[in-house]
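Okay, so here's the structure we're looking at.
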Amino acid sequence: MKAVISIIVWAWMFACLYAWDILGMDGAGNLLIAWMVVLASLAVLGVAVLKPEQIKGAGALPRWVRLPLAASFFILLVWFGHGWLAALYALTWICASILNDMQRKHQAEGYGLG
């Protein structure tokens with residue numbers, strides 16, 4: 001079920017970007033900007049506050065699915081001229097990588113996730 005929700009969220013993000021830049025619907029852009037600000041805020045907060053034992057796990061989708069989606073979304077943001085939004089997304093991506101590394105290091109030390 002988490003994977004389905006994750007796919008729906010990704011589809012929604014791409015649809016908002018399409019509606020904003022191709023169809024000219026500014027409301028879709030506002031939704032996407034708000035969503036990106038929330039994601040970036042949560043990612044930065046997660047890196048600043050969470051301890052490795054508090055991290056629940058990686059995303060619902062396997063990495064080989066998440067990485068092309070994230071990379072293509074980033075490329076599209078740059079392509080459509082949303083450099084500041086692409087930078088915000090890159091920050092989110094970096095924070096997520098830090099959290100994943102913290103979790104992997106914690107698991108490698110033999111503590112598991114409890």
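Only this structure's heavy atoms are used, side chains among them; waters, hydrogens and symmetry mates stay out.
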Starting at [atom1] of [X], measure out to [atom2] of [Y] and round the result to the nearest 0.5 Å.
{"X": "N100", "Y": "R66", "atom1": "CG", "atom2": "CZ", "result": "6.0 Å"}
{"X": "F80", "Y": "Y18", "atom1": "CZ", "atom2": "OH", "result": "9.5 Å"}
{"X": "T92", "Y": "L39", "atom1": "OG1", "atom2": "CG", "result": "6.0 Å"}
{"X": "C95", "Y": "L50", "atom1": "SG", "atom2": "CG", "result": "11.0 Å"}

Report yes if the side chains of [X] and [Y] come closer than 4.5 Å at any heavy-atom pair, otherwise no.
{"X": "I98", "Y": "M102", "value": "yes"}
{"X": "I33", "Y": "W84", "value": "yes"}
{"X": "D21", "Y": "H82", "value": "yes"}
{"X": "W10", "Y": "F73", "value": "yes"}

Indicate the atoms forming the closest heavy-atom contact of [X] with [Y], along with that distance.
{"X": "F14", "Y": "L69", "result": "CZ-O, 3.6 Å"}
{"X": "V78", "Y": "A86", "result": "CG2-CB, 3.7 Å"}
{"X": "V65", "Y": "P68", "result": "O-CD, 3.4 Å"}
{"X": "C16", "Y": "L32", "result": "CB-CB, 4.1 Å"}
{"X": "W20", "Y": "G29", "result": "CD2-CA, 3.2 Å"}

Between [X] and [Y], is there shared hydrophobic-cluster membership here, with clusters defined by ILVMFWY side-chain heavy atoms closer than 4.5 Å?
{"X": "L23", "Y": "L77", "value": "yes"}
{"X": "V37", "Y": "V49", "value": "no"}
{"X": "M36", "Y": "L42", "value": "no"}
{"X": "V38", "Y": "V9", "value": "no"}
{"X": "M13", "Y": "V4", "value": "no"}

Backbone N/O of K2 and side chain of S6: donor-acceptor pair under 3.5 Å = no
Give me the ring orientation class for W35 and W12: parallel if the planes are under 30° apart, tilted from 30 to 60°, perpendicular past 60°.
-> perpendicular
Is it the case that more than 12 heavy atoms not belonging to R104 sit under 6.0 Å from its CZ atom?
-> yes
